[in-house]
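Before any comments, here is the structure.
Read the numbers this way: they start at 1 and go in the same order the structure lists the ligands and their atoms.
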Amino acid sequence: MCGIVGYVGDRPCRDLLIAGLEKLEYRGYDSAGVSVISDGEIDSVRAVGNLANLRAAVEEHSSNGSVAVAAPPATIGVAHTRWATHGRVTEENAHPHGDCTDKIHIVLNGIVENHAELRKELADDGHVFTSETDAEIVSHLIERHYEGDLVDAVRRSFGELRGHYAFVAMHLDHADLLVAARKECPLIVGIGDGENFVGSAIPAFLAETRRVKMVENGEIVTITPEGVEISTPEGEVLEREEDEVTWDEDAAEKGGYPTFMKKEIHEQPDAVAETITDRLPGLDSVDLSELELGDELLRTVDRIVIVACGTSYHAGMIGRYAIEKWARVPVEMDVASEFRYRDPVIRDTDLVIGITQSGETADTLAAMRLAREAGAKVLAITNIMGSQATRDADAVLFTRAGLEIGVAATKTFVSQVAAMYLLGLRLGELRGTLAPDELRELIAGLKSIPSKIEETIATVDARCKAIARSHHERRFFLYIGRHIGLPVALEGALKLKEISYIPTDAYAAGEMKHGPIALLDESTPIVAVATDSPVLEKMLSNVEEARARGADVIAIATEGSDNVAEVADQTLFVPRTDWMLQPILAVLPLQLLAYYIAWDNGLNVDQPRNLAKTVTVE
Ligand code: F6R
């Protein structure tokens, strides 16, 4: 998740902008840049690595005799921290990006979904690109529409862009104007006295002002030293009240949430949208052309093996169900720490998928290396560009969840599940095992997941809090699920034990009668993942068995499933989707339940005892 800061006013702005970026560092980034209008030209400096590198590059740039990026009277500028999604981590790919005349500079967060077609169109018109990014399209698009009015050019460009983004543009000929636009990705204006700010998050300008105006989805903002005007893309001016931010800096870093974990739970719609948006350009096909495996391999591979640890393993399990159902390819899987030591049978015709959000987990890396040495093709699914997994694999599919600070994986998990769905659908498409109509429906369903995640969190949050309140002193929780509900149950149980230290167990519900049912009595809450699936009836019998032994049943169900609510003590509903997509929603109440139970017990949910975010040693 990249960071944006913009300033227009009467103060020299280099330091203000870089100080703003420093406040966004917690979001993670791999390169950064700043552009200001100084002495009749746009002066831009970018650097790979941290902000110390950017500061050093600015210093060097100034001492080289060029117009100093910092030199007064530069009083307007934009700055950016980049977390690479499209294009490698290089100086050329860092923002800001200019147009062909170098009069327009933009910074952008998020993803422009139709970047490939726009790039081609613009290149055919003679535009010359200097980066591999989707973001650069926007500066050239504004250039194409610019006829002396930057606001109009941004408005017209906005109408042509599809995706999930927020950007800020400035033009050399308008040295007191920033124009910003928001589609899904956050954008906030900071109001000063004779100066104004814009940022992707409040910490970007909190040291300077606490007065803010929230920019809503689909709005255009013009920012001058004197004022801020928010309008619709059609030009209708909108009234917007000013708000006063009361958070301290620590809370601001957490987006106003009490913990990083809570913030990251709320970032899940965004994380999934970033992961799927440009890979689902329409309804007929999944675009995974970035995968350096080739369609032929995906069409012909006759066995897939998934290796991963912890939460990533659970994402892999959901992937297994999806791939087997949609593409009819046999999938085996193992926790990486077992796989690597059990002398596994690996064939050079296998595709081995290593799932690791950090890209640095020692066991997963070792399992991937073993597979590669045996001649198999290895695909890494990871969240971190440049991580070891990306170097050890033949191909990489990136999740785009942004930096996750809370030790318990939340937004990286749903992004991994989304990536596995993309892969399953692409395999089904290429192998002809999904009929075109079925593929269309599933793609439409997957595209609706980010808004359904948002809806789910909003509707279940208070209920999860209340249920946690009534159960936080329990000594043991048992989770059950069947089919695609099973990995959700496993993940829910892992979340609760790792952040609350309450023992949990998770079972395939059909296994209950083979032993675990002995654990049940009135003191045991049982969490049943009972969303729609062809085995729901069987799941309900398992729930009845538990109820009969006095256990309190907390069920996760698909909205409208009264039959589940009838047999459960408490039911948390998630929106209806294709049943295979339900796990990505069903896990949300379980994350919140674990969160509130740990919170009620006064625990540090961001940093549970004995756990590290990345497990790099054996
Ligand atoms: C649990 C959690 C861990 C990780 C596991 C693998 O919330 O975060 O179980 O999923 O340590 O980590 P990665 O995905 O980085 O390989």
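- Protein heavy atom closest to atom 14 (O) of ligand 1, with residue, atom name and distance, is Ser312 OG, 2.5 Å.
- With sequence neighbours left out, Ala166 forms a side chain to side chain contact (heavy atoms under 4.5 Å, CB included) with Cys185, Leu187.
- What sits closest to atom 2 (C) of ligand 1 on the protein, heavy atoms only, is Thr311 OG1, 3.7 Å.
- The main-chain N or O of Arg347 is found under 3.5 Å from a side-chain atom of Asp350 such that the two form a donor-acceptor pair.
- Using bins of under 30°, 30° to 60° and over 60° for the plane-to-plane angle, the ring pair Trp599/Tyr595 lands in the parallel bin.
- Residue pairs that meet the side-chain hydrogen bond (donor to acceptor under 3.5 Å, both in side chains) test with at least one member in residues 454-466, sequence neighbours left out, are Asp461-Tyr596.
- Nearest heavy atom pair, residue Leu298 against residue Leu427, reads O-CD2, 3.3 Å.
- Residue, atom and distance of the protein heavy atom nearest to atom 12 (O) of ligand 1 are Thr361 OG1, 3.5 Å.
- A salt bridge does not link Lys377 with Asp348: every distance from a Lys NZ or Arg NE/NH1/NH2 to an Asp or Glu carboxylate oxygen is 4.0 Å or more.
- Scanning all protein heavy atoms for the shortest distance to atom 15 (O) of ligand 1 gives Ser358 OG, 2.6 Å.
- Across the listed options His314, Glu498, Glu360, Glu498 owns the non-hydrogen atom lying nearest to atom 7 (O) of ligand 1.
- At a 3.5 angstrom cut-off on N or O pairs, Gln357 counts as close to ligand 1.
- Paired with Thr412 under the rule side-chain hydrogen bond (donor to acceptor under 3.5 Å, both in side chains), one option of Glu404, Gln268, Glu264, Gln357 passes, and it is Glu404.
- Neither the backbone nor the side chain of Thr412 has any atom closer than 4.0 Å to an atom of ligand 1 (non-hydrogen atoms only).
- Geometrically, Lys262 does not engage Tyr257 in a cation-pi contact, judged by NZ or CZ lying under 6.0 Å from the ring centre and within 45° of the ring axis.
- Proximity to Ala408 (heavy-atom distance under 4.0 Å) selects the following atoms of ligand 1: 7 (O).
- For ligand 1, the atoms sitting less than 4.0 Å from at least one non-hydrogen atom of Lys495 are 1 (C), 7 (O), numbered in the order shown with element in parentheses.
- In terms of protein heavy-atom proximity, atom 5 (C) of ligand 1 is closest to Cys309 O, 3.7 Å.
- Nearest to atom 11 (O) of ligand 1 among the protein's heavy atoms is Val615 CG2, 4.2 Å.
- Taking distance alone, with nitrogen or oxygen atoms compared against 3.5 Å, Gly310 stays at or beyond that limit from ligand 1.
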